[in-house]
Novice: 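Would you mind keeping the following structure in view while I ask a few things?
Within every chain, numbering begins at 1; the chains are lettered A, B, ... in the order of the sequence lines, protein sequences first and strands thereafter.
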There are 2 protein chains.
Amino acid sequence: MKKGKSTIHDIAEKLNITASTVSRALNNHPRISVATKKAVQKAAEILHYQPNHIAASLRSGKSNIIGIIVPSIDRTFFSTVVRGIEEIANASRYNVMICQTHDNYEKEVATVNALLNAQVDGIIVSFAKETTNFDHFLKAKEKGVPIIMFDRTNDELEMSQVVVDDFLGAYKATEHLIQQGCTRISHFTNVRKINIYKERLRGYKEALIGNGLPYDEDYVVEGNLQLEDGREAMKKLLLMPHPPDGIFSASAYGIMGALQVLKEHGIKVPEEVKLVGFSNEPFTYLTEPSLSTIEQHSMRMGNAAAEIFLEEISNKDKKFIPQKIVLKPELIIRKSSVR
Amino acid sequence: MKKGKSTIHDIAEKLNITASTVSRALNNHPRISVATKKAVQKAAEILHYQPNHIAASLRSGKSNIIGIIVPSIDRTFFSTVVRGIEEIANASRYNVMICQTHDNYEKEVATVNALLNAQVDGIIVSFAKETTNFDHFLKAKEKGVPIIMFDRTNDELEMSQVVVDDFLGAYKATEHLIQQGCTRISHFTNVRKINIYKERLRGYKEALIGNGLPYDEDYVVEGNLQLEDGREAMKKLLLMPHPPDGIFSASAYGIMGALQVLKEHGIKVPEEVKLVGFSNEPFTYLTEPSLSTIEQHSMRMGNAAAEIFLEEISNKDKKFIPQKIVLKPELIIRKSSVR
DNA sequence: CTAAATTGAGCAATCGATTGCGCAAGTTAC
DNA sequence: GTAACTTGCGCAATCGATTGCTCAATTTAG
């Protein structure tokens with residue numbers, strides 16, 4: 001009784017027809033008379049019929065669910081990408097299932113399995129920092145589940161990806177600091193060799209060299225790019241005989257940490273040290289001074305990833321050719337970097 | 001071939017046994033010999049068998065998926081609650097399906113339907129600001145899907161809920177400002193009459209009265225509590241003959257806006273005006289000065305919501321008695337409010 | 001040594017929606 | 001007036017996993 005779940009059989013019984021007819025009527029099959037269709041619809045309303053997608057999924061072999069795997073949803077970058085994915089996916093009657101790895105490899109593996117068990121039709125993922133072995137994704141791919149990577153990707157995998165041109169973003173950021181008069185520019189990067197951080201480092205390096213400045217490894221600080229890492233890095237740099245007069249961090253939290261420490265030491269930003277971060281997290285424009293940073297167009301990144309998924313799903317039979325979409329990043333100049 | 005999806009039937013065929021036996025072997029049924037179990041497990045590995053939860057769900061009538069509906073996941077409060085839910089849910093082999101309403105009523109209704117179609121076993125929700133009609137949730141409840149509300153709830157619905165004691169939080173915040181010497185305290189609240197904002201307003205009012213200060217509606221500013229609303233509100237207040245010397249905002253973004261405007265006007269915080277917000281968003285401790293605020297224990301809120309769900313699911317037959325868990329908020333005193 | 005109990009596994013139905021095939025009644029064509 | 005369609009709908013299988021009921025083969029009990 002309370003289990004108000006009614007099925008097409010209940011409707012069929014009520015109308016003295018078969019479930020097949022009800023199914024077809026609900027799906028607007030041409031071979032069903034208008035009268036029957038109307039009757040079915042009315043009965044469905046009365047019985048509060050709610051289609052059971054699970055049953056349909058079992059039959060069709062597709063769940064209309066896209067699995068999304070991100071390190072963490074409480075970072076604006078990721079939650080915005082998710083929103084971008086949802087936007088496109090929902091329009092095509094897909095739902096999303098969002099999972100977090102918290103940058104933990106085991107959790108990522110478990111998550112992929114959970115999503116496969118849930119029979120997702122595809123997976124859109126940004127890898128955990130820890131991940132270096134991608135077998136779990138390869139396994140999924142072999143089962144015919146398309147995998148689309150974004151942001152933290154891996155070029156060696158035969159899977160489509162959407163990234164921002166990290167090299168270009170880093171180049172722009174660094175060059176901007178140089179144009180503002182910085183001559184000793186430091187860079188915060190990640191200890192792990194993830195593509196995005198490698199690219200940002202490369203952009204930083206090339207910008208220095210391209211503008212006639214020396215590349216000095218002493219000014220490159222490796223860490224985890226979180227707030228605390230930024231603070232530690234800044235403290236270390238301040239002990240150098242010639243501390244930097246400009247800092248480009250590969251993350252937004254890292255540059256925030258640097259800003260805090262500089263302020264605590266009474267060092268003026270941007271007068272004495274200029275700062276640029278990466279990723280347009282909302283707090284970056286709330287700080288004092290507001291932080292210059294690189295906008296990654298996260299919403300568009302999500303859109304693009306979802307579009308690739310839809311494309312791959314509809315071309316399932318055709319030969320698979322992984323595609324790579326590279327979005328152009330944008331330098332957002334705020335107060336932390338202008339003289 | 002590429003459709004590497006194998007079923008228990010494939011395993012059965014390979015071993016010349018029936019699917020029933022395979023199923024039981026995989027589920028460690030006592031009536032299956034150890035030898036068979038081992039053989040099945042080996043075969044499952046070789047064939048890369050992945051159980052199809054959809055089929056199991058159809059049979060069992062439960063999907064092991066909890067639907068989560070939040071206004072937006074890119075707010076730390078919500079994403080942390082989600083994490084709290086996941087923590088408990090995953091431990092009990094439940095997956096979550098996260099959906100965003102963006103505070104839009106129609107989207108909320110559509111989302112509830114999508115979740116019901118996906119056969120979720122329960123829904124944990126924080127209502128959209130726009131929502132005043134709750135029929136979509138009542139419908140779900142009638143179908144036997146437990147609904148658990150958190151944060152933005154409604155006392156008139158016969159459904160369990162987890163909230164923070166908004167009244168107490170607001171009272172503490174306001175009293176703190178009073179103790180720091182403020183005599184003209186302003187409050188930013190929401191235009192809509194959502195329970196949490198009503199309670200916070202009440203707490204503010206009672207704290208004033210309880211401490212012998214007058215309650216003056218001119219100091220209460222209604223808005224949408226976003227950054228821009230906070231800015232507007234602050235600008236308006238500064239035009240008053242006697243601008244406030246303390247502000248308690250019902251949101252974190254609102255108080256941030258106030259801080260920005262005050263700094264732009266060269267007004268010193270906390271010396272001239274003291275500030276306290278609500279919700280411990282990460283940026284609140286990154287500002288200069290750092291913002292005092294109310295911690296809502298969002299992780300615990302998520303834990304509690306998930307626990308209630310598990311409880312209700314296991315007591316399906318028993319008489320349903322909605323429960324209400326009220327968490328105690330905590331005042332986090334930072335620099336923006338101490339003299 | 002036989003009856004009772006236990007072990008191991010197969011048969012077939014079930015969950016709810018979908019769909020190819022078939023069939024009867026009604027239409028149209030020539 | 002009959003052959004050829006068309007219309008409207010039912011039958012039954014299917015998707016993959018699960019489970020109550022059976023039943024044969026062993027084992028144990030007495």
Novice: Could you give the CG-to-C1' distance, from A/Asn28 to C/dA17, as a whole number of Å?
Specialist: 17 Å
Novice: Between A/Lys62 (NZ) and C/dT18 (P), how many Å, whole number?
Specialist: 13 Å
Novice: Looking only at side chains, do B/Gln323 and B/Glu312 share a donor and an acceptor under 3.5 Å apart?
Specialist: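 The criterion, which ignores hydrogens and geometry beyond distance, is not satisfied for B/Glu312 and B/Gln323.
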Novice: For the residue pair A/Phe77 and A/Phe150, categorise the inter-ring angle as parallel (less than 30°), tilted (30 to 60°) or perpendicular (more than 60°).
Specialist: tilted
Novice: Give a yes/no answer on whether the side chain of A/Asn27 brings an N or O atom under 4.0 Å of OP1 or OP2 in C/dA17.
Specialist: no
Novice: Testing the 3.5 Å rule here: is there a donor-acceptor pair between the side chains of B/Gln161 and B/Thr153?
Specialist: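 Yes, because at least one side-chain N or O of B/Gln161 sits under 3.5 Å from a partner of the opposite role on B/Thr153.
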Novice: Can you tell me if B/Ser23 touches the phosphate of D/dA17, counting only side-chain N or O atoms and a distance under 4.0 Å to OP1 or OP2?
Specialist: no
Novice: Between B/Thr18 and B/Thr21, do the side chains contain an N or O donor and an N or O acceptor separated by less than 3.5 Å?
Specialist: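 Their side chains do contain a donor-acceptor pair, which is all the 3.5 Å distance test asks for.
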Novice: When the axes are fitted on five pairs at both termini, how much does the helix from C/dC1-D/dG30 to C/dC30-D/dG1 curve, in 10° steps?
Specialist: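 One end axis against the other gives 40°.
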Novice: I'd like to know if A/Arg75 pairs up with B/Asp74 as an ion pair, taking the criterion as any Lys NZ or Arg NE/NH1/NH2 lying under 4.0 Å from an Asp or Glu carboxylate oxygen.
Specialist: no
Novice: State whether a side-chain donor-acceptor pair under 3.5 Å links B/Ser33 with B/Thr36.
Specialist: yes
Novice: For nucleotides 24-26 of chain C, print each protein N/O atom paired with a nucleotide N/O atom at under 3.5 Å, atom names and distance only.
Specialist:
none

Novice: In whole angstroms, how far is the P atom of D/dG8 from the CG atom of A/Leu26?
Specialist: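 So the two atoms are 17 Å apart, to the nearest Å.
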Novice: Strictly under 4.0 angstrom, non-hydrogen atoms only: write out the protein contact profile of nucleotides 10-16 of chain D, one letter per nucleotide from the 5' end, B, S or -.
Specialist: BBB-BBB
Novice: Does any donor atom in the side chain of A/His53 or B/Gln119 lie under 3.5 Å from an acceptor atom in the other side chain?
Specialist: no
Novice: Between A/Ser23 and A/Ser20, do the side chains contain an N or O donor and an N or O acceptor separated by less than 3.5 Å?
Specialist: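 Short answer, no.
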Novice: Whole Å only: how far is the CG atom of B/Asn64 from the P atom of D/dA17?
Specialist: 16 Å
Novice: Out of the candidates A/Asn195, A/Asp103, A/Thr131, only one should pair with A/Arg152 under the side-chain hydrogen bond (donor to acceptor under 3.5 Å, both in side chains) rule; please name it.
Specialist: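 Per the side-chain hydrogen bond (donor to acceptor under 3.5 Å, both in side chains) rule, the option paired with A/Arg152 is A/Asp103, out of A/Asn195, A/Asp103, A/Thr131.
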Novice: Could you tell me how far apart A/His29 (NE2) and C/dT19 (P) are, to the nearest whole angstrom?
Specialist: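 Those two atoms, NE2 and P, are 8 Å apart.
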Novice: Determine whether the side chains of A/Gln50 and B/Asn113 contain a donor N or O and an acceptor N or O closer than 3.5 Å.
Specialist: yes
Novice: Only counting residues at least two apart or in another chain, list the ones meeting side-chain hydrogen bond (donor to acceptor under 3.5 Å, both in side chains) with A/Ser57.
Specialist: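 Once residues adjacent in sequence are excluded, A/Ser57 has no partner under the side-chain hydrogen bond (donor to acceptor under 3.5 Å, both in side chains) criterion.
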Novice: Are the side chain of A/His102 and the backbone of A/Asn104 linked by a donor-acceptor contact shorter than 3.5 Å?
Specialist: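 Here the side-chain-to-backbone pair does not exist.
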Novice: Distance check needed: C/dA9 C1' versus B/Ile11 CD1, whole Å only.
Specialist: 16 Å
Novice: Within residues 30-38 of chain B, which residues have any heavy atom lying less than 4.0 Å from an atom of DNA chain C?
Specialist: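 Here the set is B/Arg31, B/Ile32, B/Ser33, B/Thr36.
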Novice: Who are the side-chain hydrogen bond (donor to acceptor under 3.5 Å, both in side chains) partners of B/Asn28, not counting sequence neighbours?
Specialist: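 B/Asn28 satisfies side-chain hydrogen bond (donor to acceptor under 3.5 Å, both in side chains) with B/Lys37 only.
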